[in-house]
Amino acid sequence: MPDDPVGTFCGDVPRRAAEAAVARPRPRSTKSFVQPLAGAGRCAVPSTYVVCERDRALRRALQEDMAVRTAGPVRLPGHHSPFLAMPGVRASLFARIAREASA
């Protein structure tokens, strides 16, 4: 965990919600980082990557690398947790992606 998890993961989330969010994660196995991937949903189903332009947890280059492996990136001007900071924008984004996929 970084020295400032609220600033790293929730830089644009209201303080009380950010503190609650960073208190929830639990330790997980390192296998998820090192175990070979047998299959990825993004290979079978078109996917979109949300690049968070002010993210302090994931470098922009890493986000761009992950975005290349999808149908395309969408850019949001926020930090690492747009699902907490801008839920309405996220919901609109999901609705737009669903409409485009069904068209």
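When reading the values below, keep in mind they use all heavy atoms of this one structure, side chains included, and skip hydrogens, waters and symmetry mates.
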Inset, instruction - Quick one: closest heavy-atom pair of G72 and T48, and the distance? - result: O-CG2, 3.3 Å
Legend entry - Side-chain heavy atoms of F9 within contact of H79, under 4.5 Å: no
Legend entry - Worked verdict on R99 versus F94 for side chain to side chain contact (heavy atoms under 4.5 Å, CB included): CA-CA 9 Å; R99 279 192 308 274; F94 287 171; over 6 Å; no
Inset, instruction - Taking R56 for its side chain and G7 for its backbone only, find out whether a donor-acceptor pair lies under 3.5 Å. - result: yes
Inset, instruction - Salt-bridge test for R69 and D65: reply yes if a basic N is under 4.0 Å from a carboxylate O, no otherwise. - result: yes
Legend entry - Distance-minimising heavy-atom pair for L58 and D55: N-OD1, 3.1 Å
Inset, instruction - Could you tell me which non-hydrogen atom of V50 sits nearest to which non-hydrogen atom of Q63, and how far apart they are? - result: O-OE1, 3.9 Å
Legend entry - Side-chain heavy atoms of M66 within contact of V51, under 4.5 Å: no
Inset, instruction - Group every Ile, Leu, Val, Met, Phe, Trp and Tyr by side-chain heavy-atom contacts under 4.5 Å, then state whether M86 and L93 land in the same group. - result: yes
Legend entry - Residues which pass salt bridge (Lys or Arg N to Asp or Glu O under 4.0 Å) with E64, listed by chain and number, not counting sequence neighbours: R75
Legend entry - Shortest non-hydrogen contact between P25 and A21, atoms and distance: CD-O, 3.1 Å
Legend entry - Close side-chain approach of C10 and L84, heavy atoms under 4.5 Å: yes
Legend entry - Which atom of T70 lies closest to which atom of S47, heavy atoms considered: CB-O, 3.3 Å
Legend entry - V6 backbone acceptor or donor facing E19 side chain under 3.5 Å: no
Inset, instruction - Identify whether F83 and V89 are in the same connected component of the hydrophobic contact network (ILVMFWY, side-chain heavy atoms under 4.5 Å). - result: no
